[in-house]
**Student:** 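Can you read through this structure? Questions will come right after.
Every heavy atom of this structure was used, including side-chain atoms; hydrogens, water molecules and symmetry mates were not.
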Amino acid sequence: MAIHNWDYNIIRKDWQPKTDRQWLWYLERKINYDDWEGLKKEQIKKYLPQLEKRIDPGKFLMLELYFKNNE
């Protein structure tokens, strides 16, 4: 059974974040709920320092190691 987060499901399929605040909200929801579809590594890398306190610690560590080893 999938977990649904009410504020995440209101996004239209064609919606894209425009501001830094929207990007943080969008990435936080997508990463925390394991919805990696459509995410671009450039955007994750750009916002990763600000996501540290907003996403699951294990996922943050995984992303941090990924970017460190793939530069």
Side-chain angles (χ1 to χ4, degrees):
M1 179 175 182
I3 296 175
H4 297 285
N5 187 349
W6 68 270
D7 64 351
Y8 178 76
N9 291 324
I10 62 172
I11 297 176
R12 295 184 333 255
K13 296 285 184 200
D14 62 344
W15 182 84
Q16 282 294 307
K18 293 175 180 58
T19 66
D20 287 339
R21 184 176 176 189
Q22 289 174 348
W23 271 109
L24 285 169
W25 175 84
Y26 179 72
L27 291 171
E28 176 184 357
R29 296 311 191 270
K30 297 275 278 183
I31 293 168
N32 278 332
Y33 290 94
D34 288 325
D35 182 3
W36 301 92
E37 186 177 337
L39 293 182
K40 297 192 175 12
K41 67 181 180 178
E42 297 81 22
Q43 289 298 337
I44 297 172
K45 187 175 182 178
K46 177 180 177 180
Y47 290 100
L48 191 60
Q50 294 137 300
L51 288 168
E52 181 174 8
K53 303 285 187 212
R54 301 174 72 131
I55 63 174
D56 176 88
K59 291 177 184 176
F60 177 80
L61 181 59
M62 175 191 70
L63 290 167
E64 187 177 52
L65 289 172
Y66 171 79
F67 289 122
K68 185 181 285 187
N69 291 324
N70 291 294
E71 288 188 358

**Student:** Before giving the answer on side chain to side chain contact (heavy atoms under 4.5 Å, CB included), spell out for L63 and I55 the whole-Å C-alpha distance, their side-chain angles and the decisive distance to 0.1 Å.
**Tutor:** CA-CA 11 Å; L63 290 167; I55 63 174; 4.1 Å; yes
**Student:** Less than 4.0 angstrom from a charged side-chain N to a carboxylate O is my criterion; do R29 and D35 meet it?
**Tutor:**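 No.
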**Student:** So, does Q22 use its side chain to make a donor-acceptor pair with the main chain of K18 at under 3.5 Å?
**Tutor:**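 Such a contact is found between Q22 side chain and K18 backbone.
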**Student:** Measure from the side-chain N and O atoms of N32 to the backbone N and O of R54, and report whether any donor-acceptor pair falls under 3.5 Å.
**Tutor:**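 Checked: pair present.
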**Student:** Show your working on side chain to side chain contact (heavy atoms under 4.5 Å, CB included) between Y47 and E42 and close with a plain yes or no.
**Tutor:** CA-CA 9 Å; Y47 290 100; E42 297 81 22; over 6 Å; no
**Student:** When you measure from the side chain of K30 to the backbone of L39, do you find a donor-acceptor pair of N or O atoms at a distance under 3.5 Å?
**Tutor:** no
**Student:** List the steps and the verdict of side chain to side chain contact (heavy atoms under 4.5 Å, CB included) for L24 and Y26.
**Tutor:** CA-CA 5 Å; L24 285 169; Y26 179 72; over 6 Å; no
**Student:** Would you give the length of the straight line joining atom NZ of K46 to atom CG of D20, rounded to the nearest 0.5 angstrom?
**Tutor:**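 So the NZ of K46 and the CG of D20 are separated by 5.5 Å.
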**Student:** So, do F60 and L48 sit near enough that their side-chain heavy atoms are less than 4.5 Å apart?
**Tutor:**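 With C-beta onward as the side chain, the pair touches.
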**Student:** Rounded to the nearest 0.5 Å, how far does CD1 of I44 lie from OH of Y66?
**Tutor:** 9.0 Å
**Student:** Hey, quick one: are L65 and I31 part of the same hydrophobic cluster, counting side-chain heavy atoms closer than 4.5 Å, chains of contacts allowed?
**Tutor:** no
**Student:** Would F67 and K41 satisfy side chain to side chain contact (heavy atoms under 4.5 Å, CB included), going step by step from the backbone distance to the final call?
**Tutor:** CA-CA 9 Å; F67 289 122; K41 67 181 180 178; 3.9 Å; yes
